[in-house]
Amino acid sequence: MRHLIDPTDLTVEETGQIIALAEEIIADRAKFSQACRGKKLATLFYEPSTRTRLSFTSAMLELGGQVIGFSDAASSSVSKGETVADTVRVIRCFADIIAMRHFKEGAPLVASQYAGIPVINAGDGSHAHPTQTLTDLLTIKREKGRLDRLTIGFCGDLKFGRTVHSLIKALSRYQGIKIFLISPQELRLPDYMLHEMSAGSGLEFREVRTLEEAMPELDILYMTRVQKERFLDQEEFDRVKDSFVLDPEKLKTARKEMIVLHPLPRVNEIARAVDNDPRAAYFRQVENGKFVRMALILTLLGWAGENRPFERTPVFGEPFVVDGPACSNPRCISVSEDVDRLARRGDDGICRCAYCETIL
């Protein structure tokens, strides 16, 4: 069974096919208006969402399908202590495909092991957000005409920003990508990602502490908010929350053809005056999210028809290391639920938790 848990679950060719299908849908929406007639999408959102949840809902409805699910875990049996594994084994009786957002890192991976139908990771803690990555790639393709030979600045919360983590992973597979990492020391990219980028990903990257250092060189500026909900320390959050704010003054040194992206929601990191600048592409980015999710739903449902029957219990082999050390990350699903202890050993020999990528 094919799922989308991490951006690299799709090959570069498959990613290109989904982007091309999204562009086809944009060109002729009526052609796809009944493509999912008789199919149901279950949206299981364990934490708040506006754009992602409504984007999935709108995508399925525009394909002629139906949507069930919950937008608040407190209104479901989760509030009674039901596990992710049990929840999806129930939901698979009612739906054909699942989109899950969860505050615990690795929860969608657990869901994929038990669902028996395609599972889409709609964001898991600070870990990954692969459908936002597809949205970003489609937006870049439509705005810049290509996915290679680009200089991209990621600004703000790079430590907890799952959209940043996912997009960097995806971009590492394209040629000629140069990245500026723009953040305060407290919010710099996690060490494991810096290590992967240094260990032969093909990316050229540089860490800087101000927007001004990078702005003149950028084709794309990817802004992010400082996420209060990811901090365990209120004082640390208060100290860095206003670190970077994009305003018209800072844009004066930017290229005329540069675009500004943001996964949203924003707080104060982009001044309202920037919205009127033609380089502000973040609301166009939102609409692209609906089209790429339409393409993804169609693709996964198509692949599901070709898969072997669901096995009653998951059977683990490669690429997993089974029954390894316990994960120390308090945000990992393996810490709070009774799941199999799974790890992956990288080419560098380092063993990381399969759910959240913490080094074990």
Side-chain angles (χ1 to χ4, degrees), residues 1-26 31-44 52 55-69 84-85 88-89 91-101 107-124 128-138 141 147 166 169-170 173 288-320 354:
M1 181 64 63
R2 292 292 300 274
H3 311 278
L4 181 60
I5 307 302
D6 183 89
T8 57
D9 289 341
L10 299 171
T11 66
V12 173
E13 292 73 20
E14 289 167 344
T15 299
Q17 290 166 8
I18 290 171
I19 290 173
L21 179 56
E23 292 177 312
E24 186 180 349
I25 292 169
I26 291 168
K31 175 182 175 181
F32 297 89
S33 63
Q34 297 300 312
C36 284
R37 185 176 181 181
K39 300 291 186 179
K40 294 185 181 71
L41 166 72
T43 55
L44 311 183
T52 304
S55 179
F56 270 111
T57 298
S58 179
M60 193 58 167
L61 293 177
E62 289 203 27
L63 290 169
Q66 297 175 289
V67 181
I68 61 174
V84 167
V88 298
R89 280 187 283 198
I91 296 299
R92 71 180 295 264
C93 300
F94 313 134
D96 302 284
I97 187 168
I98 291 170
M100 171 183 281
R101 168 166 289 187
L109 177 58
V110 173
S112 71
Q113 295 161 359
Y114 291 90
I117 57 178
V119 173
I120 301 170
N121 180 3
D124 61 330
H129 197 346
T131 64
Q132 182 63 50
T133 299
L134 289 174
T135 298
D136 298 340
L137 293 175
L138 174 60
K141 176 69 161 41
L147 292 173
S166 291
K169 276 188 176 182
R173 303 189 294 179
N288 287 333
K290 176 183 68 175
F291 296 122
V292 85
R293 288 178 177 105
M294 291 173 72
L296 177 63
I297 289 168
L298 276 174
T299 300
L300 287 177
L301 285 174
W303 288 343
E306 303 170 2
N307 285 322
R308 59 188 170 81
F310 173 61
E311 295 177 353
R312 294 180 63 87
T313 56
V315 177
F316 300 111
E318 293 291 341
F320 295 115

With sequence neighbours left out, the residues meeting side-chain hydrogen bond (donor to acceptor under 3.5 Å, both in side chains) with Glu24 are Lys31
Can you list the residues that meet the side-chain hydrogen bond (donor to acceptor under 3.5 Å, both in side chains) rule with Ser33, with sequence neighbours excluded? none
Quick one: side-chain contact (heavy atoms from CB on, under 4.5 Å) partners of Lys141, sequence neighbours excluded? Ile19, Glu23, Leu147
For Ser55, check side-chain contact (heavy atoms from CB on, under 4.5 Å) against everything at least two apart and list the hits. Lys290, Arg293
Does Arg173 form a side chain to side chain contact (heavy atoms under 4.5 Å, CB included) with Thr8? I'd like the steps, not just the answer. CA-CA 9 Å; Arg173 303 189 294 179; Thr8 57; 4.2 Å; yes
Identify the heavy atoms of [X] and [Y] that sit nearest to each other, and give their distance.
X	Y	answer
Pro7	Thr133	CG-OG1, 4.0 Å
Glu14	Trp303	CD-CH2, 3.8 Å
His3	Asp9	O-CB, 3.9 Å
Ser112	Ile5	CB-CD1, 4.1 Å
Phe291	Ala22	O-CB, 3.8 Å

Residues that Lys40 engages under salt bridge (charged side-chain N to carboxylate O under 4.0 Å, His left out), provided they are two or more places apart: none
So, using salt bridge (charged side-chain N to carboxylate O under 4.0 Å, His left out) as the criterion, who are the partners of Asp96 when residues are at least two apart? none
When you compare the side chain of [Y] with that of [X], does any pair of heavy atoms fall below 4.5 Å?
X	Y	result
Val88	Ile98	yes
Phe32	Leu21	yes
Thr299	Gln17	no
Thr52	His129	yes
Pro118	Met1	yes
Asp6	Asn121	no

Just by modelled atom types, is the Ala122 backbone N or O under 3.5 Å from a matching donor or acceptor in the Arg101 side chain?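 Confirmed, Arg101 side chain pairs with Ala122 backbone.
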Distance-only, no hydrogens or angles: does the Ser166 side chain make a donor-acceptor pair with backbone N or O of Ala128 under 3.5 Å?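 Here the side-chain-to-backbone pair does not exist.
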Pick from Thr43, Ile68, Leu41: which one makes a side-chain contact (heavy atoms from CB on, under 4.5 Å) with Met60?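 Considering Thr43, Ile68, Leu41, a side-chain contact (heavy atoms from CB on, under 4.5 Å) with Met60 is found only for Leu41.
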